[in-house]
Structures are given as C-alpha cells and as structure tokens.
J.: 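Take this structure, written in structure tokens, and hold onto it; I'll ask about it next.
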Amino acid sequence: MNDDQGGEPALSRGLAGYVRAVAAAVGVPPEAASFEVSDTATAYLGLAARWSGRPGDDLMLIWSERHGWAVAVETDPGEAPMVLAYFTDADAVPEPAAVARFVAGVVTGEEPGSSSPVVPARTGRAELAARLARYT
C-alpha cells in the first residue's frame, strides 16, 4: 500500500489506516490496496471475487471523498471503470464491516446499491482527517 508523502500527512496516515481496515474486512491483501491524496482523496482495492455479469473481468472496490465507495468492473487503463453499485450510505467514512457487507451483497446480487453516487456530506480536509484519525 502506498503512502502519500505530500502536504497532508494527517489525512494520508488516516486514509492509509482506513484503507487497511476496509481491506481486512473485505479480505483483500495489503498489496492489492492503494490510495492517493491529491486534489481528491481516493482509494482502490482489487477484489478476488467475480461478478456473474462479467465473469472474465476483475472487480475493484473504489473510494473517493466525493463519491464514497463503489464496486466496479476493471476495464482497460484508458477507460472509466464500469460501476456496478455505489454504497448507499451518505457517510464518507462508513465502518469497514458495513463496506464489507455492501461488497458481499453486490457480488452475490443481493445488494443492488445505488446506480448513482450517494454524495457524502461535503466535509473539509481537516474534518475528514479528524474522522480518519482513529485508523492511524
């Protein structure tokens, strides 16, 4: 898992810990997870599970501070991912166990999620870092 060495170390440390906690809850090894803090904080977790609609393609769990969590089908590098479902919780930092239930439900077809992002309440970077601090 990479760590951002940029100008927002508290946010990077908190996001690193949060991504590790979500990865553990979902069953993703640390080397299949990454994050970045730039103009938007984002995270990526490569999932081992497959989706019946595209069994030959890998799935991923992606997060952004603007759109929250989503399960998507990996596409070619130049293409946007095909989002299967967005997590319906408007919390930008839901509990890792809730994210794991969401992922399991999407993969099995039991959780439809949302077809469009449920935009988390807009929080500033300092507040986001404070909310993520418990994961450091």
J.: Would you mind writing out the side-chain donor-acceptor pairs for residues 42-49 within the sub-3.5 Å range, not counting sequence neighbours?
T.:
from	atom 1	to	atom 2	distance (Å)
Y44	OH	E74	OE2	2.4

J.: Check A41 against L15 and note the closest heavy-atom contact, atom names and distance.
T.: CB-CD2, 4.0 Å
J.: With side chains defined as the heavy atoms from C-beta onward, is the minimum distance between P94 and F102 less than 4.5 Å?
T.: no
J.: Between atom CH2 of W69 and atom OG of S64, what is the distance when rounded to the nearest 0.5 Å?
T.: 10.0 Å
J.: Compare every heavy atom of A23 with every heavy atom of A33, then report the nearest pair and how far apart it is.
T.: CB-CB, 4.4 Å
J.: Looking at V19 and S34, what are the two nearest heavy atoms and their distance?
T.: CG1-O, 4.4 Å
J.: Please say yes or no: joined through hydrophobic side-chain contacts below 4.5 Å, possibly via intermediate residues, are V107 and V26 part of one cluster?
T.: yes
J.: According to a 4.5 Å side-chain heavy-atom criterion applied to Ile, Leu, Val, Met, Phe, Trp and Tyr, with indirect links allowed, do V73 and M60 form part of one hydrophobic cluster?
T.: no
J.: Taking only residues two or more places apart in sequence or in another chain, which ones pass side chain to side chain contact (heavy atoms under 4.5 Å, CB included) with S114?
T.: Y86, T88, S116, V118
J.: Is D91 reaching over with its side chain to a backbone N or O of V93, donor-acceptor style, under 3.5 angstrom?
T.: yes
J.: Applying side chain to side chain donor-acceptor pair (under 3.5 Å), name anything that partners R125, two or more places apart in sequence or on another chain.
T.: E8, E65
J.: Are any non-hydrogen side-chain atoms of L132 and L11 less than 4.5 angstrom apart?
T.: yes
J.: Do V83 and V99 share a hydrophobic cluster (ILVMFWY, side-chain heavy atoms under 4.5 Å, transitive)?
T.: no
J.: If every non-hydrogen atom of I62 is compared with every non-hydrogen atom of P81, which pair is closest and at what distance?
T.: CD1-CG, 4.3 Å
J.: Could I get the full list of ring pair (Phe, Tyr, Trp, His ring centres under 6.0 Å) partners for Y135, not counting sequence neighbours?
T.: Y18
J.: Would a single hydrophobic cluster contain both M82 and L59, if residues Ile, Leu, Val, Met, Phe, Trp and Tyr are joined by side-chain heavy-atom contacts under 4.5 Å?
T.: yes
J.: I'd like to check the side chain to side chain donor-acceptor pair (under 3.5 Å) partners of T40; sequence neighbours left out, ordered by chain and number.
T.: R66
J.: Using the test salt bridge (Lys or Arg N to Asp or Glu O under 4.0 Å), find all partners of R134 that sit at least two apart in sequence or belong to another chain.
T.: E95
J.: Do you know which two heavy atoms are closest between A98 and F87, and how far apart they sit?
T.: O-CE1, 3.8 Å
